[in-house]
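Counting begins at 1 with the first residue of the sequence.
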Amino acid sequence: MSWKRWVREIEIEPSLYAADFLRLGEQIDHLIGAGARLFHFDIGDGHFVEPVTIGPIVLQSIAPLIHRFEGVIDCHLMVDNPEHHFEMVKNAGGDSVTFHVETCEEPWKAIKHARDLGLGVGVAFNPETSVEDAVGASIGADLVLCMSIHPGYSGQEFMPESLERIAALRSQLHQNLFVQVDGGVGEGNIAEIRRAGAQTVVAGSAIFGREDYPRAYRQLVKAFAEAV
Ligand code: DX5
Ligand code: ZN
């Protein structure tokens with residue numbers, strides 16, 4: 001279980017939060033067919049972020065389908081007291097947890113807790129949080145997630161100032177950690193995001209908002225891969 005093995009140089013992670021839940025299994029299947037292996041799963045508690053989103057019950061239903069194809073479920077915990085949820089996420093089939101630095105006084109403890117459960121682990125930070133705070137909290141993690149929107153909802157506009165933050169993060173972060181970007185990623189900005197230093201990006205509405213979402217996924221992969 002390791003991000004080093006999971007990431008095929010770059011990754012586009014479909015954000016299941018933006019999927020059509022009536023057709024969730026079918027959409028995952030089609031995306032696996034299009035080449036997707038890492039899936040982003042947004043857990044929101046209605047407190048740290050406004051909406052209550054999806055949780056362990058949905059996770060449990062989709063985990064066998066994703067794992068059957070050696071896929072990975074990357075859980076983005078937009079919740080207060082994130083550690084409280086680690087074990088439930090693990091038991092429901094999650095492979096990695098990313099918690100927010102804003103929610104955690106002792107990130108090193110949370111990182112150790114995730115590792116002890118055999119989970120991958122990331123540290124996320126919001127647009128108003130400094131890059132330095134995120135880098136400082138990331139020792140021992142696999143990735144740092146730079147939010148390029150205020151977390152909570154799919155379909156928001158990418159905040160252009162994020163590009164500078166991504167570049168600052170890439171230059172300050174240990175080379176062993178991945179830079180991930182979440183929020184408003186699409187065909188129009190994915191090349192710049194890559195050039196700024198991201199290796200993995202999350203895409204919700206840019207995939208599921210398209211009728212031919214497997215094609216949208218493949219086009220994003222191509223645009224991301226070719227942007228160097
Ligand atoms: C929202 C979530 C995102 C969201 C991204 O806060 O963290 O993962 O689903 O959706 P898009 O790509 O539409 O901004
Ligand atoms: Zn997310």
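- A heavy-atom distance below 4.5 Å is not found between the side chains of His113 and Phe99.
- With respect to Arg165 and Glu161, no salt bridge is recorded, no charged nitrogen being found less than 4.0 Å from a carboxylate O.
- With contacts defined as side-chain heavy-atom distances shorter than 4.5 Å, the pair Asp142/Ser2 does not qualify.
- Remark: the backbone N or O of Gly184 is paired with a side-chain donor or acceptor of Asn189 at under 3.5 angstrom.
- A 6.0 Å sphere centred on CD of Glu157 holds no more than 12 heavy atoms belonging to other residues, nucleotides or ligands.
- In this structure, the separation between OH on Tyr213 and CD on Gln27 is 4.5 Å, given to the nearest 0.5 Å.
- The two atoms that bring Ile32 and Leu65 nearest to each other are CD1-O, 4.1 Å, heavy atoms only.
- Within 6.0 Å of CD in Gln172 there are more than 12 heavy atoms belonging to other residues, nucleotides or ligands.
- A donor-acceptor contact shorter than 3.5 Å links the side chain of Asp45 to the backbone of Asp80.
- Summarising the geometry of Ala198 relative to Ile166, their closest heavy-atom pair is N-CG2, 4.0 Å, with the distance given to 0.1 Å.
- No more than 12 heavy-atom neighbours from other residues, nucleotides or ligands sit within 6.0 angstrom of CZ on Arg215.
- Linking ILVMFWY side-chain heavy atoms closer than 4.5 Å, directly or via other members, places Phe158 and Ile12 in a single hydrophobic cluster.
- Open room surrounds CD on Glu164; 12 or fewer heavy atoms of other groups in view lie less than 6.0 Å from it.
- Donor-acceptor pairing under 3.5 Å is lacking for the side chains of Asp182 and Ser15.
- Between Thr103 and Val79 the shortest heavy-atom distance is CG2-O, 3.3 Å.
- Side chain of Gln60 to backbone of Ala92: no donor-acceptor contact under 3.5 angstrom is found.
- Using cut-offs of 30° and 60° on the angle between ring planes, the pair His76 and His100 is parallel.
- Counting non-hydrogen atoms of neighbouring residues, nucleotides and ligands closer than 6.0 angstrom, the CD atom of Glu70 reaches no more than 12 such neighbours.
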